[in-house]
Every structure is written in structure tokens, then in C-alpha cells.
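These numbers were taken from a predicted model, which means no experiment stands behind them. Chain letters run A, B, ... following the sequence lines, proteins first, then strands; residues in each count from 1.
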Amino acid sequence: MVPEGHTIHRLSRDLRSDFGTHPVKASSPQGRFQNGSTQINGKTLSKSEAWGKHLFLSFDDELILHVHLGLIGKFRPHSIESSTTDTVRLRLEGKQAWHLTGPQKCALISIDEFVNVTDGLGPDPLRRGTRWNHFAENVALRRTPIAVSLLDQSVIAGIGNVYRAEFLFILGIHPERPSCELTDTEIRGLWELARAQLRQGVRLNRIVTVSREDSGSVPGRVNSDEALYVYKRESQPCRRCRAAIRITELGGRKCWWCDRCQPR
DNA sequence: TCTTTATGGTGAG
DNA sequence: TCACCCTAAAGAT
């Protein structure tokens with residue numbers, strides 16, 4: 001429902017399949033993207049790709065639309081007949097009407113700007129051709145807590161506050177362990193887990209990290225209050241050892257962990 | 001009907 | 001480290 005890397009990759013895929021090769025109708029009901037939407041209107045989506053939490057839509061191979069949802073942005077499908085509100089920055093019409101609200105970024109950019117953005121990103125486990133040793137090198141260079149490194153988009157692209165806490169729990173890694181002190185096995189584990197979890201996130205279009213064994217049901221059918229191990233579960237019992245889940249602030253964001261399952 | 005919070009990121013001091 | 005941007009749902013009153 002909300003944006004970490006899986007959301008953006010799923011969005012990229014859904015928009016591509018919705019628009020196909022037909023011209024798209026574009027407008028900016030809110031008016032803040034009037035100019036841009038006018039340029040896009042009537043053009044065809046020629047490419048749709050995600051890099052971490054960034055979405056890039058190319059139109060007629062000449063315009064590049066850069067969208068970043070930030071913390072509160074949404075890009076959701078509605079029926080073609082649906083009306084818009086004055087918070088809709090961009091409305092794109094294909095088979096459905098896609099409403100973009102509250103984005104951190106919605107702008108037409110040049111190739112240079114595109115390269116600038118993507119150059120600043122670490123490897124995205126959902127993109128082809130990315131190698132885990134890039135991630136390993138980035139982690140090994142940092143003394144900051146591993147929980148902080150995981151949120152740094154130049155270390156690994158697409159991880160957000162939910163996934164970072166969940167990954168560290170699943171692998172039994174204390175969030176405050178200095179990044180450079182992680183073993184190769186742990187770093188490799190983080191990368192493989194990220195890849196598997198983000199893929200599942202794309203497939204389900206939601207984050208479900210709890211395993212079948214721990215939840216008792218298939219990931220696609222897990223209740224929302226049983227989908228995660230630690231995120232937003234402070235003082236509730238750990239799903240594995242029943243110890244109280246703890247919370248702290250790391251990298252300016254809240255981080256949850258289990259003292260017993262994730263020893264220092 | 002308020003106030004708070006949020007899966008993010010930037011730019012100022 | 002902090003203020004700030006943008007919106008909507010959840011929680012408090």
C-alpha cells in the first residue's frame with residue numbers, strides 16, 4: 001500500500017501493462033503540474049522503469065517523467081469515470097485512471113538529470129545486472145549502525161523502514177551493529193533476503209515478511225496484524241521467543257528489534 | 001472534530 | 001540535528 005522499492009517496481013509494471021502502446025491522456029487537476037501534463041498528453045508510454053524508490057516513465061522516447069512518492073505520496077488506479085480532487089497532481093488515463101497525490105517529486109527531467117539520480121543509487125536487488133558485492137563493498141566501508149546503512153539509498157536502493165527492521169530480525173542481526181563488522185555471510189544473507197522479500201512484495205503488492213511456519217498461513221493470505229515480525233510491535237511479544245519487542249531511534253527513524261533474537 | 005503519525009528525502013544551520 | 005514538504009488515515013477528545 002505504501003512506498004518501499006517493491007511498490008515502485010509493481011507500479012512500473014502495472015502502468016506499463018495498463019497503458020500498453022496507446023496514447024495516454026494526461027492532466028493536472030491540482031494545477032501544480034499543468035505544464036508537464038500538457039506535454040505528456042497524447043503521447044505514448046515508451047518505457048517504464050523503477051530504480052529503488054524512483055519511478056521513471058518515458059513518453060515517445062523523448063520525455064522522461066520522474067516520480068518519487070516520498071513518505072505520503074500515492075499513485076493509485078481509479079475507474080475512468082471517477083472524479084478527481086484538488087490534491088491530484090497528475091492524472092494519467094489508460095484502461096484505468098491513475099491518480100498521483102502528494103509526491104515528493106513529479107517532474108519532467110533531462111537525460112543528464114536521470115543519470116545523476118541513478119548514479120547516486122546503490123544496487124537495487126530488483127534490477128537485473130546488480131551484483132551483491134557492490135552492496136557488500138558499500139556496507140564494509142561504513143562504521144554506522146547496519147540499520148542506518150540499510151536506509152541509505154546509496155548503499156542499497158529500495159529498502160525502507162519496514163524492510164530494514166524485518167530483515168535484521170529475520171537474520172538475527174542487532175540493528176546497532178557497526179556495518180563494517182558484519183561478516184560476509186551476514187551481508188550476503190541480507191542481499192539474498194532483500195531480493196527474495198522485495199520480489200514477494202512486488203508479487204503480493206504488500207509487505208509480508210513472516211514465514212509460513214511462523215504465521216500458519218500462506219503469505220498472500222496473512223492478516224495485516226500478522227504480516228510482520230517487529231515493525232510497530234514495540235512491547236508486544238516476539239513471534240519467535242515471546243520477549244518484548246523493543247524500539248529505538250536509528251538514522252532519524254524508529255527501529256524495532258528483539259533483544260533476545262538479535263544479540264549485540 | 002481535532003491531533004498525530006507515516007513504509008522518505010532535502011536543505012539549512 | 002532540525003525544520004520542512006506533501007496528504008490521508010488512524011487515533012484521541
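- Relative to the side chain of A/Asn161, the nucleotides C/dA8, B/dG8, C/dC6 differ in distance, and B/dG8 lies closest.
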Using a cutoff of under 3.5 Å, can you pull out all pairs of nitrogen or oxygen atoms linking the protein to nucleotides 9-11 of chain B, with atom names and distances?
unit_1, atom_1, unit_2, atom_2, d
B/dG9, OP1, A/His68, NE2, 3.3
B/dG9, OP2, A/Lys53, NZ, 3.3
B/dG9, O4', A/Gln104, OE1, 3.1
B/dG9, O4', A/Gln104, NE2, 3.3

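- Distance CG (A/Leu11) to P (B/dG8): 16 Å, rounded to an integer number of Å.
- Here the C1' atom of nucleotide B/dT5 and the CH2 atom of A/Trp256 are 10 Å apart, to the nearest Å.
- When heavy atoms are screened at a 4.0 angstrom cut-off, A/Arg32 is found touching the sugar-phosphate backbone but no base atom.
- In this structure, CZ of A/Arg89 is placed 15 Å from C1' of C/dA8, rounded to the nearest angstrom.
- Taking the six-membered ring for Trp and thresholds of 30 and 60 degrees, A/His54 and A/His66 have nearly parallel ring planes, at less than 30 degrees apart.
- Taking Ile, Leu, Val, Met, Phe, Trp and Tyr as members and joining any whose side-chain heavy atoms lie under 4.5 Å apart, directly or through other members, the hydrophobic cluster of A/Val208 also contains A/Leu204, A/Val222.
- Residue A/Asp86 contributes atom CG, which lies 9 Å from atom P of C/dA8 at whole-angstrom precision.
- Residue A/Lys254 has a polar side-chain atom (N or O) positioned under 4.0 Å from OP1 or OP2 of B/dA6.
- Of the side-chain N and O atoms in A/Thr87, one or more sit less than 4.0 angstrom from OP1 or OP2 of C/dA8.
- Residue-level contact check: A/Gln30 touches the backbone only, with heavy atoms under 4.0 Å from sugar-phosphate atoms and none from bases.
- Residues A/Asp60 and A/Lys43 are not paired through a salt bridge, judged by the lack of any N-O separation under 4.0 Å between the basic side chain and the carboxylate.
- For A/Tyr231, a side-chain nitrogen or oxygen approaches OP1 or OP2 of B/dT7 to under 4.0 Å.
- Under the 4.5 Å side-chain criterion, counting only non-hydrogen atoms from C-beta, A/Trp132 is not in contact with A/Leu190.
- Between the P atom of B/dA6 and the CD atom of A/Glu234 lies a distance of 9 Å, rounded to the nearest Å.
- Counting to the nearest Å, the C1' atom of B/dA6 and the NZ atom of A/Lys74 are 8 Å from each other.
- For the pair A/Leu45/A/Thr21, no side-chain contact is recorded, criterion being any heavy-atom separation below 4.5 Å from C-beta on.
- For A/Lys232, whose side chain is taken as the heavy atoms from C-beta onward, the closest listed nucleotide among B/dT7, B/dA6, C/dC6 is B/dA6.
- In this structure, the CZ atom of A/Phe33 is 16 Å from the P atom of C/dC6, given to the nearest Å.
- Side chains of A/Leu90 and A/Leu65 form a contact here, defined as non-hydrogen atoms less than 4.5 Å apart.
- Residue pairs meeting the salt bridge (Lys or Arg N to Asp or Glu O under 4.0 Å) criterion with at least one partner in residues 216-226 of chain A, sequence neighbours excluded, do not occur; the list is empty.
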